[in-house]
Amino acid sequence: MGSLAAVSGATENFRFGPGVRAWQEVLGKVRDVVRQELVALQLAAHLPAVTGGGRLAVLDVGCGQGTQAIRLARSGYEVTGIDLSAELLETAKELAAGEPSTVKSRLQFERRDLLALDEDFIGNFDVVCCHGVLMYMPSLESAIPAVVAAARSGGLVSVLTRNRAGIAMRAGMSGRWAATIAGFDSRHYNNRLGIEQVRADEPGEVDDALSAAGAQRVAWYGVRLFTDHWGSVETPADIDEIVAAEAEAGRRDPYRALCALTHTVAVRSS
């Protein structure tokens, strides 16, 4: 994105804005921990290796408070995190400030709009992550091409989307039976952050949108099946066992198809 005017214009339509405070309140709670751990674990299986002196550039679109960006920088990647929330970017910078100098030197955070990235961002990244953002965009078709365009030829693309089957699943696990019946045919839902009419997509639809944008899926996972209906629960002592169970569900059929979120990993075509 080339100017502050573009940022301001995008902010007017920043759908996640009403949920920023609520999002900050659940950071570190069990649902957040499960999500962050599973995404990191699933992504690690596909990341290109950082080898002696090499520079691998990562773009984290909608980086929020910087959890994944900081993890990747710790692993040796050069990470640029972008977001439209000035508040979340400040949190990311504060967290990054507590890292060793070698990690801090590999991190930068900027306020930018995915749909208005300038030429410095096009085709320049070995890995492009877009986790928990696409459900707030007008459509997969309007946003995924911008995500893919930021990757180099042969670069990795990682997207985390809301799974349509998860709408009825969460309602049923919560004992909300009228919402469960409605959820079977729903495409949108009101989420726990107070954001209305958030879109949910099927894994095959994400695959199709990536393919149309020039990226071929290499793997897909589910994220958060057993704990998605939990409220604002503190992280329990057995969190490692919870994560292990969720990770197994996320890689196996039929469980992954019922998870709240779908994590799709693709490679941009040559």
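Contact of the Phe16 side chain with the Leu193 side chain is registered, since non-hydrogen atoms from C-beta on lie closer than 4.5 Å. Arg31 is listed as a side-chain neighbour of Asp228, based on a closest heavy-atom distance under 4.5 Å. Between Val148 and Val128, every side-chain heavy-atom pair lies at or beyond the 4.5 Å cut-off.
A distance of 11.0 Å separates SG of Cys63 from CD of Gln68, quoted to the nearest 0.5 Å. In this structure, CE in Met137 is found 10.5 Å from CD1 in Ile144, a value given to the nearest 0.5 Å. Note: Gln24 CD to Leu27 CG = 6.5 Å, rounded to the nearest 0.5 Å. Note that CH2 of Trp230 and CE of Met173 are 10.0 Å apart. Values are rounded to the nearest 0.5 Å. Note: Leu38 CG to Glu248 CD = 10.5 Å, rounded to the nearest 0.5 Å. The CG atom of Leu117 lies 4.5 Å from the CD1 atom of Ile82; values are rounded to the nearest 0.5 Å.
For the side chain to side chain donor-acceptor pair (under 3.5 Å) criterion with Gln42, the lone passing option out of Glu37, Arg251, His263 is His263. The salt bridge (Lys or Arg N to Asp or Glu O under 4.0 Å) test with Glu205 singles out one residue from Arg199, Arg187, Arg162, Arg164, and that residue is Arg187. Looking at Asp83, Asp118, Asp60 one by one, the single match for salt bridge (Lys or Arg N to Asp or Glu O under 4.0 Å) with Arg112 turns out to be Asp118. With Glu99 as the partner, the salt bridge (Lys or Arg N to Asp or Glu O under 4.0 Å) test is satisfied by one option alone out of Lys93, Arg106, Arg74, Lys104: Arg74.
Listed by chain and residue number, nothing satisfies the side-chain hydrogen bond (donor to acceptor under 3.5 Å, both in side chains) test with Ser174 (two or more places apart in sequence, or in another chain).
Closest non-hydrogen pair, Ala247 versus Leu41, comes out as CB-CD2, 3.9 Å. In terms of heavy atoms, Pro236 sits closest to Ile242 at CG-CD1, 3.6 Å. Of all the heavy atoms in Arg15 and Tyr136, the pair that sits closest is CD-O, 3.4 Å. Looking at every heavy atom in both residues, Ala245 comes nearest to Phe226 through O-CE1, 3.7 Å. Closest approach of Gly250 and Arg256 over heavy atoms only: O-CB, 3.4 Å. Heavy-atom minimum distance, Ala249 versus Tyr255: O-CB, 3.5 Å.
Hydrophobic clustering places Val147 together with Val133 (ILVMFWY residues linked when any side-chain heavy atoms are closer than 4.5 Å, directly or through intermediates). Grouping the Ile, Leu, Val, Met, Phe, Trp and Tyr side chains by contacts below 4.5 angstrom, directly or via other members, places Leu258 apart from Val34. Note on Met169 and Val223: separate hydrophobic clusters, where clusters join Ile, Leu, Val, Met, Phe, Trp and Tyr whose side-chain heavy atoms are under 4.5 Å apart, directly or indirectly.
For the pair Asp32 (side chain) and Gly28 (backbone), a donor-acceptor distance under 3.5 Å is present. Side-chain N or O atoms of Asn163 include one that pairs as donor or acceptor with a backbone N or O of Ala257 at under 3.5 Å. Side-chain atoms of Glu246 come within 3.5 Å of backbone N or O of Leu225 as a donor-acceptor pair. Panel note: side chain Ser139, backbone Ser142; a donor-acceptor pair is recorded below 3.5 Å. At least one donor-acceptor pair under 3.5 Å links the side chain of Ser269 to the backbone N or O of Gly214. No donor-acceptor pair under 3.5 Å is formed between the side chain of Thr227 and the backbone N or O of Arg224. Between the side chain of Arg111 and the backbone N or O of Leu84, at least one donor-acceptor pair lies under 3.5 Å.
Between the side chains of Gln65 and Thr67, at least one donor N or O sits under 3.5 Å from an acceptor N or O. Side-chain atoms of Tyr189 and Arg170 include no donor-acceptor pair closer than 3.5 Å. Of the N and O atoms on the side chains of Glu25 and Ser232, not one donor lies less than 3.5 Å from an acceptor on the other residue.
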- Task: Could you walk me through whether Asp207 and Trp220 pass the side-chain contact (heavy atoms from CB on, under 4.5 Å) test, one step at a time?
- Result: CA-CA 9 Å; Asp207 185 15; Trp220 74 277; over 6 Å; no
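With a 6.0 Å radius and a threshold of 12 heavy atoms from other residues, nucleotides or ligands, Gln197 has its CD atom above the threshold. Within 6.0 Å of atom CZ in Arg252, 12 or fewer heavy atoms from other residues, nucleotides or ligands are found, so the atom counts as exposed in its surroundings.
Cluster partners of Val103 are Leu43, Leu47, Val50, Leu56, Val58, Ile70, Leu72, Tyr77, Val79, Leu89, Leu95, Leu107, Phe109, Val127, Leu156, Val218, Tyr221, Val265, Val267, counting Ile, Leu, Val, Met, Phe, Trp and Tyr whose side-chain heavy atoms approach within less than 4.5 Å, directly or via other members.
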